[in-house]
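Heavy atoms only: backbone and side chains are in, while hydrogens, waters and symmetry mates are out.
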Amino acid sequence: MTSAHRKSYGAEGAPYASPSPVGTRERVRSAPYFFLVPATVLFALFFALPIGYALWLSFHKVKVSGLGLGAGARKEVWAGLDNYTAAFTDSELLDGALRVLGYGCIVVPVMLGLALVFALMLDSDKVRLAPFTRLAIFLPYAIPGVVAALLWGFLYLPDVSPFYFVLERLGLPQPDLLDGGPLYLALSNIAIWGGTGFNMIVIYTSLQAIPVEVYEAAKLDGATPLQIALRIKIPMVAPSLVLTFFFSIIATLQVFNEPTTLKPLTNSVSTTWSPLMKVYRDAFGTGDIYSAAAQAVIIAIATLLLSFGFLRAANRRNKQGAAQ
């Protein structure tokens with residue numbers, strides 16, 4: 001009797017043997033979408049909606065009737081591509097783009113070169129105090145950009161900088177780093193000092209993922225540490241180099257904090273030194289949010305095209321190398 005009862009329960013009455021209700025299955029299938037709701041809402045409110053609003057503003061302008069006084073004297077009307085045409089012919093925006101190009105030609109190669117060198121040094125077996133050294137190199141990245149620009153700005157000022165005091169005591173020339181051509185070096189130094197640590201960590205993490213057997217096989221073949229670095233380590237961390245180069249391009253095109261922070265310290269930095277500074281001045285200085293929106297859209301599209309073109313070229317090169 002007991003055996004029959006257990007058999008009946010196991011065959012027909014066990015919970016795992018009975019089919020799940022339809023409602024339960026539907027709830028299980030829809031559960032992941034409920035977890036996506038908070039992220040989707042935040043994305044729509046703080047990313048998609050502002051982008052859509054900027055696009056909408058870029059195709060409009062204000063039409064002033066009469067003296068612009070009274071109700072209905074200023075109306076928002078359709079402008080078409082007028083704001084974009086004005087942006088492409090704006091000499092201040094084009095000059096800012098050229099300045100950022102020169103700035104990027106200094107920052108990107110120097111920053112990535114130093115990050116690669118530091119990562120290779122830390123990956124060496126002979127390095128000492130590696131944890132402290134990693135922290136010391138990465139620490140500047142943890143400092144906010146505005147704070148870093150202020151710190152370096154005061155170090156650049158001849159009246160308060162200890163460097164200028166030492167140069168004066170030694171009878172050496174004291175260059176003005178906040179004027180003329182040296183200004184590019186001063187701004188680039190701030191970006192390099194703050195961004196090298198992050199890129200170094202990315203590259204160093206990739207180096208740590210390389211199997212030890214690869215190094216042991218190279219040493220058995222008589223490879224020197226320099227040959228291992230040039231022929232094994234650097235080629236194997238190429239994806240990380242591409243990623244850091246991609247991030248560096250985006251950060252360079254969006255430079256804003258450093259020149260804006262140094263502007264009160266020198267007359268060499270104008271309110272339109274970089275394209276984003278030009279957008280900020282037009283939107284919040286002169287109140288022309290429509291022209292500023294068009295310029296912001298152009299900068300975003302240029303960043304997207306440059307980034308996409310670089311990634312596509314890098315992927316094509318990787319495929320050709322794999323085919324060979």
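Outside the 6.0 Å centre-distance limit, the rings of Y156 and Y164 are not counted as a close aromatic pair.
Hydrophobic clustering (side-chain heavy atoms under 4.5 Å, transitive across Ile, Leu, Val, Met, Phe, Trp, Tyr) groups V108 together with V117. The hydrophobic cluster containing V107 does not contain L98, counting ILVMFWY residues as joined when their side-chain heavy atoms lie under 4.5 angstrom apart, directly or transitively. Under the 4.5 Å side-chain heavy-atom criterion for Ile, Leu, Val, Met, Phe, Trp and Tyr, F118 and L207 are members of distinct hydrophobic clusters. Linking Ile, Leu, Val, Met, Phe, Trp and Tyr residues whenever their side-chain heavy atoms come within less than 4.5 Å leaves F88 and L101 in two separate clusters. The hydrophobic clustering, which links ILVMFWY residues whose side-chain heavy atoms are closer than 4.5 Å, places V160 and V147 together.
At most 12 non-hydrogen atoms from other residues, nucleotides or ligands lie less than 6.0 angstrom from OH of Y280. Residue D221 qualifies as enclosed at atom CG: its count of foreign heavy atoms under 6.0 Å is above 12.
Checked by atom type and distance alone, the side chain of D176 pairs as donor or acceptor with a backbone atom of L178 at under 3.5 Å. Side chain of S291 to backbone of D288: no donor-acceptor contact under 3.5 angstrom is found. Looking at S274, its side chain does come within 3.5 Å of a backbone N or O of V255 through a donor-acceptor pair. Not one N or O on the side chain of T266 forms a donor-acceptor pair closer than 3.5 Å with the backbone of K263. Between the side chain of R99 and the main chain of T272, a donor-acceptor pair closer than 3.5 Å is present.
Contact check for P173 versus L167: no side-chain heavy atoms found under the 4.5 Å cut-off. Put simply, the side chain of F59 does not reach to within 4.5 Å of the side chain of D82, judged on heavy atoms. The shortest side-chain heavy-atom distance between Y215 and D123 falls under the 4.5 Å cut-off. With contacts defined as side-chain heavy-atom distances shorter than 4.5 Å, the pair I298/I301 does not qualify. A heavy-atom distance below 4.5 Å is found between the side chains of M200 and L122. Between P259 and L183 the shortest side-chain heavy-atom distance does not fall below 4.5 Å. With a 4.5 Å cut-off on side-chain heavy atoms, L230 and L226 count as touching. Within the 4.5 Å cutoff, no side-chain heavy atoms of L112 are placed close to those of L116.
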Side chain to side chain contact (heavy atoms under 4.5 Å, CB included) evaluation trace for Y84 with L81: CA-CA 5 Å; Y84 290 94; L81 298 177; 4.1 Å; yes

Trace of the side chain to side chain contact (heavy atoms under 4.5 Å, CB included) decision for L185 with N189: CA-CA 6 Å; L185 298 177; N189 175 65; over 6 Å; no

Test log, rule side chain to side chain contact (heavy atoms under 4.5 Å, CB included), inputs F154 and L157: CA-CA 5 Å; F154 284 109; L157 286 176; 3.9 Å; yes

Check against side chain to side chain contact (heavy atoms under 4.5 Å, CB included), T205 and I201: CA-CA 6 Å; T205 304; I201 290 295; 4.1 Å; yes

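To the nearest 0.5 angstrom, M277 atom CE is 6.5 Å from F256 atom CZ. Atom CG of residue L177 and atom OG of residue S161 lie 8.5 Å apart, to the nearest 0.5 angstrom. Interatomic distance, CG of L150 versus OG1 of T261, reported as 5.5 Å (0.5 Å rounding). A distance of 15.0 Å separates CD of E92 from CH2 of W273, quoted to the nearest 0.5 Å. Here K233 contributes atom NZ and I228 contributes atom CD1; the two are 7.0 Å apart, rounded to the nearest 0.5 Å. Atoms OG1 and CZ, from T260 and R281 in turn, are 12.5 Å apart once rounded to the nearest 0.5 Å.
Using a 30° and 60° split on the angle between ring planes, W152 and W193 fall in the perpendicular class, above 60°. Between Y53 and W56, the ring-plane angle classifies as parallel under the 30° and 60° cut-offs.
Scanning for ring pair (Phe, Tyr, Trp, His ring centres under 6.0 Å) contacts around F245 gives F310, with sequence neighbours left out. With sequence neighbours left out, Y141 forms a side-chain hydrogen bond (donor to acceptor under 3.5 Å, both in side chains) with no residue at all.
Between S248 and M111, the shortest heavy-atom distance links the atoms OG-CE, 3.4 Å. Across G222 and Q227, no two heavy atoms sit closer than the pair O-OE1, 4.1 Å. Residues L262 and G153 share a closest heavy-atom pair of CD2-CA, 3.5 Å. Minimum interatomic distance between P109 and G104 (heavy atoms only, all atoms of both residues): CD-O, 3.6 Å. Across every non-hydrogen atom of Q254 and L276, the tightest pair is O-CD1, 3.3 Å. Of all non-hydrogen atoms in L45 and P50, the two that sit nearest each other are O-CD, 3.3 Å.
Salt-bridge annotation for K278 and D90: present, with a side-chain N of the basic residue lying under 4.0 Å from a carboxylate O of the acidic one.
Judged by distance alone, the side chains of S58 and N83 never bring a donor and an acceptor atom under 3.5 Å apart. Side-chain atoms of Y290 and E76 form a donor-acceptor pair, as typed in the model, at a separation below 3.5 Å. Side-chain N/O atoms of N199 and Y204 include no donor and acceptor closer than 3.5 Å.
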